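Everything on this sheet refers to the single structure shown next.
As a basis for the values below, the full set of heavy atoms in this structure was taken, side chains included, without hydrogen atoms, waters or symmetry mates. In this chain, residues are counted from 1 in sequence order. Keep in mind it's a predicted model, so treat the numbers as computed, not measured.
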Amino acid sequence: MTLLIIGTYVAALSLIIGAVFVLVGAIALLKFNDPMTRLHAPTKVGTLGIGMFLVASVIHSIDIGRPSIHEFLIMAFLFVTAPISAHFIAKVNIHRRACETPPAPTQDTTWSTLNVEPQDAINEGP
């Protein structure tokens with residue numbers, strides 16, 4: 001076996017692994033009911049599934065003799081922005097009281113922005 005054939009097999013395996021992660025994440029997004037549990041599946045898919053697609057693209061570009069850094073830039077952007085967007089979506093769900101309220105802090109009362117005065121709280125139904 002030549003290095004080109006091995007690289008093709010590794011790229012194909014990376015594509016299959018990435019497709020499985022995306023499929024599982026899509027099914028989980030449709031199956032879960034709570035917004036906070038729905039949040040978990042797509043963030044993992046974004047990290048692992050798309051990451052494997054990009055690994056396959058890197059391997060294929062090296063195989064054909066035209067390596068590029070575009071995939072690494074996409075990975076860096078993805079790995080930086082996915083946790084931040086997931087954090088903001090979780091904070092919105094907490095503030096809308098669409099999920100279970102986190103436990104009260106033990107010593108520090110400034111750990112979260114959830115501590116609001118009763119007259120400032122928006123009473124929205126679930």
Side-chain angles (χ1 to χ4, degrees):
M1 276 191 177
T2 65
L3 197 57
L4 181 65
I5 294 173
I6 293 172
T8 303
Y9 284 138
V10 172
L13 182 65
S14 296
L15 285 174
I16 291 170
I17 292 170
V20 168
F21 274 112
V22 169
L23 179 66
V24 168
I27 291 170
L29 183 63
L30 295 173
K31 184 129 174 92
F32 292 147
N33 296 328
D34 185 78
M36 295 297 272
T37 54
R38 277 184 153 177
L39 176 68
H40 185 72
T43 55
K44 297 306 168 202
V45 167
T47 305
L48 297 172
I50 306 301
M52 289 306 288
F53 288 154
L54 292 171
V55 166
S57 179
V58 167
I59 292 170
H60 177 69
S61 67
I62 290 172
D63 271 352
I64 63 173
R66 298 180 58 196
S68 69
I69 62 165
H70 296 119
E71 291 87 359
F72 295 110
L73 294 174
I74 294 170
M75 272 191 223
F77 181 75
L78 179 72
F79 291 159
V80 167
T81 58
I84 294 170
S85 62
H87 175 74
F88 282 129
I89 293 170
K91 290 294 277 187
V92 166
N93 283 318
I94 289 172
H95 283 285
R96 288 182 61 212
R97 308 227 190 267
C99 62
E100 197 173 303
T101 305
T106 55
Q107 297 171 347
D108 188 13
T109 59
T110 61
W111 71 277
S112 173
T113 59
L114 188 61
N115 297 332
V116 294
E117 296 297 321
Q119 66 269 17
D120 295 334
I122 298 173
N123 292 327
E124 294 182 11

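The side chain to side chain contact (heavy atoms under 4.5 Å, CB included) search around Ile84 returns Val80, Phe88, not counting sequence neighbours. Residues that satisfy the side chain to side chain contact (heavy atoms under 4.5 Å, CB included) test with Leu29, not counting sequence neighbours, are Arg38, Pro42. In this structure Ala28 satisfies the side chain to side chain contact (heavy atoms under 4.5 Å, CB included) test together with Phe32, Ala41, sequence neighbours excluded. For Ala82, there are no side chain to side chain contact (heavy atoms under 4.5 Å, CB included) partners at least two apart in sequence or on another chain.
Linking ILVMFWY residues whenever their side-chain heavy atoms come closer than 4.5 Å, directly or via other members, places Leu48 and Met52 in the same cluster. Placement of Phe53 and Val55 within a single hydrophobic cluster is found when ILVMFWY residues are connected by side-chain heavy-atom separations under 4.5 Å, directly or transitively. Residues Ile59 and Met75 are members of one and the same hydrophobic cluster, defined by side-chain heavy-atom contacts under 4.5 angstrom among Ile, Leu, Val, Met, Phe, Trp and Tyr.
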List, one per line, each side-chain donor-acceptor pair under 3.5 Å for residues 66-74, sequence neighbours excluded.
residue: Ser68; atom: OG; partner: Glu71; partner atom: OE1; Å: 2.9
residue: Glu71; atom: OE2; partner: Ser57; partner atom: OG; Å: 2.7

Side-chain donor-acceptor pairs under 3.5 Å in residues 3-17, sequence neighbours left out?
residue: Thr8; atom: OG1; partner: Leu4; partner atom: O; Å: 2.8
residue: Ser14; atom: OG; partner: Val10; partner atom: O; Å: 3.0

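To the nearest 0.5 Å, atoms CD1 (Ile50) and CZ (Phe21) are separated by 11.5 Å.
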